[in-house]
Amino acid sequence: SKRPGWGESMLVLPPATTQRETLMDSTTATAELGWMVHPPSGWEEVSGYDENMNTIRTYQVCNVFESSQNNWLRTKFIRRRGAHRIHVEMKFSVRDCSSIPSVPGSCKETFNLYYYEADFDSATKTFPNWMENPWVKVDTIAADESFSQVDLGGRVMKINTEVRSFGPVSRSGFYLAFQDYGGCMSLIAVRVFYRKCPRIIQNGAIFQETLSGAESTSLVAARGSCIANAEEVDVPIKLYCNGDGEWLVPIGRCMCKAGFEAVENGTVCRGCPSGTFKANQGDKACTHCPINSRTTSEGATNCVCRNGYYRADLDPLDMPCTTIPSAPQAVISSVNETSLMLEWTPPRDSGGREDLVYNIICKSCGSGRGACTRCGDNVQYAPRQLGLTEPRIYISDLLAHTQYTFEIQAVNGVTDQSPFSPQFASVNITTNQAAPSAVSIMHQVSRTVDSITLSWSQPDQPNGVILDYELQYYEKSHSFPHHDPFILTSVA
């Protein structure tokens, strides 16, 4: 046994009642009790009545006119059955000495209670000796009320009830003894019992019945075990059983694990019914599945999204399942030479989410012959190509006089979960013509005294349809041409 620390509460738990385990009850005897008396002229077994006027076996003594009384009454051997502290409830009535005519001054209104421990039923008429040692005195028992002869005539009984306890006891059993030393009394009933804290379910843990400690102030620690489908939160889980057989406030607790909720005043962890779930351990009840989700069995820790709906990795489990957005709408394009401004309106359906963004896919289709290909890294996007939060973008450094297709994809947090490609709106544009790049290579084909024949290749970037070439020449001694440029309409 031990006492809890100063920081622990000492309040008694109200739901559990103290249990008494009876070791001996004289009122249940159907025949003579047969307890041992010493001397034979002292205590006498007679039939009597309890407070409900039921017939019971009692012992009485009334040798008040004889001095130096020492009358002992010993019970039969009582096995303690594991108890450490024994409680004795005595019901008795005592005659008021002043109501007895000519009573001597030795008349008493009290008696003594003793016990003697033994490993087996070893008592005889002379053993143990009829004296305080080897007997252990528990207490001197006094009456709260005494009766007079008038009371008896009116059939009014004044029964006293006193309870005493003793311990620790450690041997197999014990005897009780009642010593009268000059009173007039009747021992109506004797009940011997021990207290124990009953089996209880508290804070999600089961505590088995526990015997109270050996001392009235003892606190016996009892370890608890979690009820089915519950898990420990704080350890160790324990209660204290006090000397009166009452549980004290528990230390530690168990909570229903994920997929289970507490019912029946916290004594049962029940699996979440179909259509409900509980994601984490705790006291919370199961909750209904969010929109567009369902459970496949009882005791669910999460709800499964229905077909076509998804849950992002960071979405909380109580958030509705969502889907991919529809395509952007009303795309407007504005071409300025080799740059482009695109604007659009958001999709009609965002998929039920607020993390909608846009991606731009650029495809160059050349002069219209063959398949379109992804644009190169030279194309510039402002503010960026992927993850746009606003429905507009500026695109520059496109090739002049080139056909392009732009796809505006609408994506959200579950687009990657879907097996389908993102919904998009597309627009086709052609950039304006621009000045061609310079002729990079020129060759001399032939020459005469007054003529020269030249050839060159088309510029790398014609940037449109080349209508003609302009040819200028210089004499070596001059920095500027002598004549106006030649305008050529074909490549020589």
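Note: hydrogens, waters and symmetry copies are ignored here, and every other heavy atom, side chains too, is used. Residue numbers count from 1 along this sequence.
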Heavy-atom donor-acceptor pair, [X] side chain to [Y] backbone, under 3.5 Å:
{"X": "E45", "Y": "L33", "value": "yes"}
{"X": "R80", "Y": "R171", "value": "yes"}
{"X": "Y175", "Y": "A123", "value": "yes"}
{"X": "T405", "Y": "K363", "value": "no"}
{"X": "S293", "Y": "P290", "value": "yes"}
{"X": "N63", "Y": "S41", "value": "yes"}
{"X": "Q409", "Y": "I360", "value": "no"}
{"X": "N160", "Y": "D144", "value": "yes"}
{"X": "Q329", "Y": "P346", "value": "yes"}

**Request:** Please check if the distance between the ring centroids of W72 and H38 is under 6.0 Å.
**Result:**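 Aromatic pair excluded; centres sit 6.0 Å or further apart.
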If we ignore angles and hydrogens, is there a donor and acceptor under 3.5 Å between the side chains of [X] and [Y]?
{"X": "Q69", "Y": "Y181", "value": "no"}
{"X": "R353", "Y": "T322", "value": "yes"}
{"X": "R85", "Y": "S218", "value": "no"}
{"X": "Q179", "Y": "N71", "value": "no"}
{"X": "T22", "Y": "D25", "value": "no"}

**Message:** Looking at C305 and C321, are the sulfur gammas closer than 2.5 Å to each other?
**Reply:**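 Yes - the two cysteines, C321 and C305, have SG atoms within less than 2.5 Å of each other.
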**Request:** Taking the two cysteines C184 and C107, decide whether their SG atoms are closer than 2.5 angstrom.
**Result:**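 Unbridged: C184 and C107.
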**Request:** Determine, stepwise, if the pair Y115 / F174 fulfils ring-ring contact (aromatic ring centres under 6.0 Å, His included).
**Result:** CA-CA 7 Å; Y115 75 94; F174 56 92; 7.3 Å; no
**Asked** Quick one: NZ on K278 to SG on C269, what's the gap to the nearest 0.5 Å?
**Response**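 Going from the NZ atom of K278 to the SG atom of C269 covers 6.5 Å.
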**Prompt:** How many angstroms lie between atom OG of S212 and atom OH of Y194, to the nearest 0.5 angstrom?
**Reply:**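 S212 OG to Y194 OH: 9.5 Å, rounded to 0.5 Å.
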Which label fits [X] and [Y]: parallel for a plane angle under 30°, tilted from 30 to 60°, or perpendicular past 60°?
{"X": "H87", "Y": "F193", "value": "parallel"}
{"X": "F92", "Y": "F111", "value": "perpendicular"}
{"X": "W35", "Y": "F178", "value": "parallel"}

Does atom [atom1] of [X] have more than 12 heavy-atom neighbours, drawn from other residues, nucleotides or ligands, at distances under 6.0 Å?
{"X": "D377", "atom1": "CG", "value": "no"}
{"X": "F166", "atom1": "CZ", "value": "yes"}
{"X": "R79", "atom1": "CZ", "value": "no"}

**Shortest non-hydrogen separation from Y116 to F127 and the atoms involved** =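 Scanning both residues, the minimum pair turns out to be OH-CZ, 3.4 Å.
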**Item:** Salt-bridge present (E209, K196; N to O < 4.0 Å)
**Value:**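 Looking at E209 and K196, the cut-off is met.
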